[in-house]
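These notes concern the structure reproduced below.
This is a predicted model, so every value here is computed, not measured. Both counts, for ligands and for their atoms, begin at 1 and track the order of listing.
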Amino acid sequence: MADTNQTKKIMLSGIQPSGELTLGSYLGAIKHWPARTEEFDCYYFMADLHTLTVRQKPADLRKRTLTQLAAYIACGLDPKKNVLFIQSHVPEHAQLAWVLNCYTMFGELNRMTQFKDKSIKNNDNINAGLFTYPALMAADILLYQADCVPVGEDQKQHVEICRDIASRFNSIYGDVFKVPDPYIPPVGARVMSLTTPTNKMSKSDTDQNGCVYLLEKPEDIKRKFKKAVTDSDTENCVRYAPKEKAGVSNLMQIYSAFTDKSFADIEREFEGLGYGAFKAAVGETVADSVAPIREKTNELLADKAYLENIYREGAEKASYIAHKTLRKVYKKVGLVPRF
Ligand code: TYM
């Protein structure tokens with residue numbers, strides 16, 4: 001079980017630096033992290049090992065990993081109150097992943113929708129890492145005895161398999177792992193593409209107009225929202241109806257996530273104004289809201305020594321708890337301790 005001296009519950013999450021941070025990652029995940037700092041002991045990391053499941057350009061990966069760290073801080077994660085680290089700096093992630101691979105069933109992995117989607121997108125590189133990815137994600141979570149994992153809806157299946165792996169392990173060896181709960185935000189958990197609103201907004205999308213990046217220039221953000229696909233109906237009326245009006249409903253979700261306005265309030269606000277005015281308003285709201293994050297991120301990126309300090313300290317703090325859990329796991333399964 002988690003450290004008995006531990007008073008606060010533990011929250012943990014990560015994002016792959018496999019592309020630029022998107023509005024989806026922000027609204028589905030990061031935006032909800034800073035508010036929980038007082039209530040939980042929080043661990044947030046750059047999931048760089050996960051990105052290797054798809055070919056990366058090494059220099060780009062390094063750059064994006066640091067940019068992501070700067071963006072975490074710019075989004076409000078105070079490094080004094082949150083443990084911020086790079087996954088590959090804590091080798092226990094890969095070590096526990098190996099053990100958990102041996103407690104994860106082929107059939108379970110075969111049911112993962114992300115594996116199916118990514119296999120289609122990368123059909124020239126369907127590697128074993130892509131398949132066993134959920135065991136590494138389970139290791140990320142279980143090493144820290146996390147109580148709560150705040151993620152967007154697309155990661156729910158991975159948190160569920162993590163719960164199954166933890167329960168299976170515990171049923172054999174006793175109470176070793178905390179079984180974590182996902183936290184999926186009520187609004188913004190599934191931000192859709194602006195050009196194909198039936199698809200998730202994704203950093204790997206080849207259609208650059210469908211995806212808005214957190215650190216994008218305000219004029220580009222506004223342009224993308226102006227061009228956003230609304231709906232083919234002739235109603236020209238802002239109304240929340242995800243099935244019939246996927247485009248407008250997605251924009252309403254985004255607007256609501258930034259303004260805290262309810263869908264009914266948004267419908268009233270744009271009554272009689274039509275899609276054009278609505279799209280422009282959403283674009284402006286998003287651009288204005290994320291501009292300070294962009295500026296702060298760029299400011300932080302100019303201070304490499306500061307960032308280095310944060311990720312070194314973060315890895316040290318993370319290693320302390322990760323090492324303790326791994327040691328216990330090794331002992332339970334029968335490996336001879338070196339010390
Ligand atoms: P990743 O890097 O694909 O996405 C990062 C986070 O952003 C959320 N997200 C979205 N939310 C709403 N709408 C969208 N369009 C959208 N796109 C992305 C994701 O749900 C996620 O919360 N496997 C994870 C990274 C990971 C992880 C972990 C997360 C590795 N280990 C341990 C939690 C705990 C992933 O690929 O997320």
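- Using a non-hydrogen distance threshold of 4.0 Å, Lys203 registers as a contact of ligand 1.
- If you check which protein heavy atom lies closest to atom 5 (C) of ligand 1, you get Ile15 CG1, 3.6 Å.
- Protein heavy atom in closest approach to atom 10 (C) of ligand 1: Gly24 O, 3.3 Å.
- When atom types are taken as modelled, the side chain of Lys9 and the backbone of Asp147 share no donor-acceptor pair closer than 3.5 angstrom.
- Counting heavy atoms closer than 4.0 Å to ligand 1, residue Tyr44 contributes nothing at all.
- Using a distance-only test at 3.5 Å, with no hydrogens or angles considered, no donor-acceptor pair links the side chain of Glu216 to the main chain of Ile221.
- Ser13 and Pro150 make their closest contact through OG-O, 2.9 Å (heavy atoms, listed as atom of the first residue, atom of the second, distance).
- The shortest contact between atom 4 (O) of ligand 1 and any protein heavy atom is with Ser25 OG, 4.0 Å.
- When Tyr320, Phe85, Tyr44 are each tested for a ring pair (Phe, Tyr, Trp, His ring centres under 6.0 Å) with Tyr144, only one passes: Phe85.
- Close contacts of ligand 1 with His50, meaning ligand atoms under 4.0 Å from a residue heavy atom, involve 30 (C), 31 (N).
- Closest to atom 13 (N) of ligand 1 among all protein heavy atoms lies Val191 N, 2.8 Å.
- Checked against the 6.0 Å centroid threshold, Tyr255 and Phe270 count as a close aromatic pair.
- Under the 3.5 Å distance criterion, the side-chain polar atoms of Arg64 are matched with a main-chain donor or acceptor of Pro17.
- Contact between Tyr26 and ligand 1 is absent, with no heavy atom of the residue lying under 4.0 Å from the ligand.
- No hydrogens or angles considered: a donor-acceptor pair under 3.5 Å links the side chains of Ser193 and Thr195.
- Annotation: Gln155 places an N or O atom under 3.5 Å from an N or O atom of ligand 1; distance criterion only.
- Protein heavy atom in closest approach to atom 6 (C) of ligand 1: Ala29 CB, 3.8 Å.
- The atoms of ligand 1 that sit less than 4.0 Å from any heavy atom of Gly188 are 12 (C).
- Shortest contact from atom 23 (N) of ligand 1 to any protein heavy atom: Tyr133 OH, 2.6 Å.
- In this structure the side chain of Thr65 reaches within 4.5 angstrom of the side chain of Leu61, judged on heavy atoms.
- Checking side-chain atoms of Glu39 against main-chain N and O of Arg36 turns up no donor-acceptor pair under 3.5 Å.
- Closest to atom 31 (N) of ligand 1 among all protein heavy atoms lies Asp140 OD2, 2.6 Å.
- The ligand atoms of ligand 1 that sit less than 4.0 angstrom from a heavy atom of Gln16 are 2 (O), 35 (C), 36 (O).
- Remark: aromatic rings of His158 and Tyr133 are close, center separation under 6.0 Å.
- One hydrophobic cluster holds both Leu215 and Val212 under the rule that ILVMFWY side chains link at heavy-atom gaps under 4.5 Å.
- Taking atom 19 (C) of ligand 1 as the reference point, the nearest protein heavy-atom neighbour is Asp154 OD1, 3.3 Å.
- Among the atoms of Met201, some N or O lies under 3.5 angstrom from an N or O of ligand 1.
- Here the shortest heavy-atom distance to atom 12 (C) of ligand 1, taken over Gly14, Ala189, Gly152, Pro134, belongs to Ala189.
- Ser256 contributes a side-chain N or O that, together with a main-chain N or O of Lys261, makes up a donor-acceptor pair within less than 3.5 Å.
- Remark: distances from the non-hydrogen atoms of Ile141 to ligand 1 include one below 4.0 Å.
- Heavy-atom contacts of Val149 reach the following atoms of ligand 1: 33 (C), 34 (C) (cutoff under 4.0 Å).
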